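The chains referred to below are lettered A, B, ... by the order of the sequence lines, with proteins before strands, and numbering in each begins at 1. What you see is a predicted model; the values in this text were computed from it and never measured.
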There are 2 protein chains.
Amino acid sequence: MKISTKGRYALRLMLDLALRDSGEPIRLKDVAHRQGISEKYLEQIISVLNKAGYVRSVRGPQGGYVLARAAEEYTAGMILRLTEGSLAPVDCVEAGKGVCDRECGCATQILWKKIDEAISSVVDHVTLEDLVAWQMERTDDYVI
Amino acid sequence: MKISTKGRYALRLMLDLALRDSGEPIRLKDVAHRQGISEKYLEQIISVLNKAGYVRSVRGPQGGYVLARAAEEYTAGMILRLTEGSLAPVDCVEAGKGVCDRECGCATQILWKKIDEAISSVVDHVTLEDLVAWQMERTDDYVI
DNA sequence: GATAATCCCTACAAATTCAATCGGAAATCT
DNA sequence: AGATTTCCGATTGAATTTGTAGGGATTATC
């Protein structure tokens with residue numbers, strides 16, 4: 001019941017981009033250094049965000065990444081679901097998946113549904129802009 | 001971000017015991033058959049519940065397991081935390097663990113905390129008795 | 001007391017997932 | 001041309017999950 005590094009790093013990556021959003025591309029290498037995350041690993045993660053159109057990439061020198069939209073247009077749920085796959089606590093309450101093979105009709109499903117809704121109600125209402133605000137409350141400089 | 005089979009099976013196991021709670025011990029073999037779970041694997045799981053005093057065991061023929069307390073005295077959170085270890089979405093918001101090495105001071109922690117609280121507010125308020133009631137609404141017989 | 005049923009314990013193993021690492025190709029600025 | 005940066009796919013080591021396997025201890029019943 002843990003969020004993997006993929007989701008956590010993706011969120012920190014997007015937060016990093018949002019904090020330094022000036023229109024100029026931000027090099028992944030810099031993000032990696034600031035966040036203490038392997039550059040190569042971050043590549044894989046931002047590749048997913050890029051394909052989803054969450055960031056825009058600029059190749060070559062002076063290149064890097066820029067947020068595709070304003071920070072308030074991203075929810076934590078969007079970012080986490082994209083990178084984690086799903087935030088549902090069990091398979092059988094996931095959107096696409098219909099019934100579960102055996103647990104169907106099982107009362108525990110009601111619990112899983114409630115947990116799923118509780119998680120969603122948080123992540124779907126916290127935006128990247130909220131994270132930016134929280135970060136700026138905590139530290140004056142942007143060293144995360 | 002999934003609850004493992006250990007937690008899910010533990011909950012179904014406890015629900016099964018609660019639904020058939022008559023004072024007589026219930027054989028693990030029967031639970032395993034009803035739930036379609038390997039008997040040997042269930043042994044490992046109930047061993048944890050037994051050591052925690054959540055169930056009482058009776059050895060020998062006509063033996064089995066009985067709930068140690070009334071169903072309303074167990075929350076889903078108790079059972080899941082015992083078998084899953086922790087329901088916190090990331091290590092750094094767990095109770096015992098102090099700071100996280102690097103993400104400390106990071107705004108994402110606030111999000112993780114909110115998710116953790118949302119999950120807890122569900123699992124700490126749903127009791128085994130609730131699950132029993134939900135199950136009886138769904139099916140007249142107790143075949144889960 | 002013998003037998004059979006049941007819980008109890010520990011070790012092992014297959015499969016999957018996680019968390020990267022590695023090596024290079026393609027694009028682009030100067 | 002050369003340096004910089006993103007892009008892409010393969011591989012890998014470790015950890016975790018999800019069980020299996022085999023036997024030991026206890027006890028009700030005959």
Beyond-backbone contact of [X] with [Y], side-chain heavy atoms, under 4.5 angstrom:
| X | Y | result |
| --- | --- | --- |
| A:Gln35 | A:Leu42 | no |
| A:Leu111 | B:Leu11 | yes |
| B:Tyr74 | B:Leu49 | no |
| B:Arg12 | B:Val31 | no |
| A:Arg81 | A:Asp124 | yes |

Give the rounded distance in Å between these two atoms: [atom1] of [X] and [atom2] of [N].
| X | N | atom1 | atom2 | result |
| --- | --- | --- | --- | --- |
| B:Leu42 | C:dC8 | CG | C1' | 14 Å |
| B:Ile37 | D:dT17 | CD1 | C1' | 15 Å |
| B:Arg56 | C:dC7 | CZ | P | 13 Å |
| A:Met1 | C:dC18 | CE | C1' | 18 Å |
| A:Asp91 | C:dT16 | CG | C1' | 13 Å |
| B:Ile45 | C:dC9 | CD1 | P | 16 Å |
| B:Ile3 | D:dT16 | CD1 | P | 18 Å |

Between B:Arg27 and B:Glu39, does at least one N-O distance fall below 4.0 Å, as a salt bridge requires? no

Can we say A:Arg34 and A:Asp30 salt-bridge, meaning some charged N sits less than 4.0 Å from an Asp/Glu carboxylate O? no

Would you please confirm or rule out a distance under 4.0 Å between OP1 or OP2 of [N] and any side-chain N or O of [X]?
| X | N | value |
| --- | --- | --- |
| A:Ser38 | C:dT21 | yes |
| B:Tyr9 | D:dG19 | yes |
| A:Thr5 | C:dA19 | yes |

So, for B:Thr83 and B:Gly7, which heavy atoms are closest and what is the spacing to 0.1 Å? OG1-CA, 3.4 Å

For A:Thr75, what residues pass the side-chain hydrogen bond (donor to acceptor under 3.5 Å, both in side chains) criterion, not counting sequence neighbours? none

Base contacts versus sugar-phosphate-only contacts with protein, heavy atoms under 4.0 Å: please encode nucleotides 4-12 of chain D as B, S and - from 5' to 3'. BBBBB-B--

Compute the bend angle of the helix from C:dG1-D:dC30 to C:dT30-D:dA1 from the end axes (five pairs per end), rounded to 10°. 10°

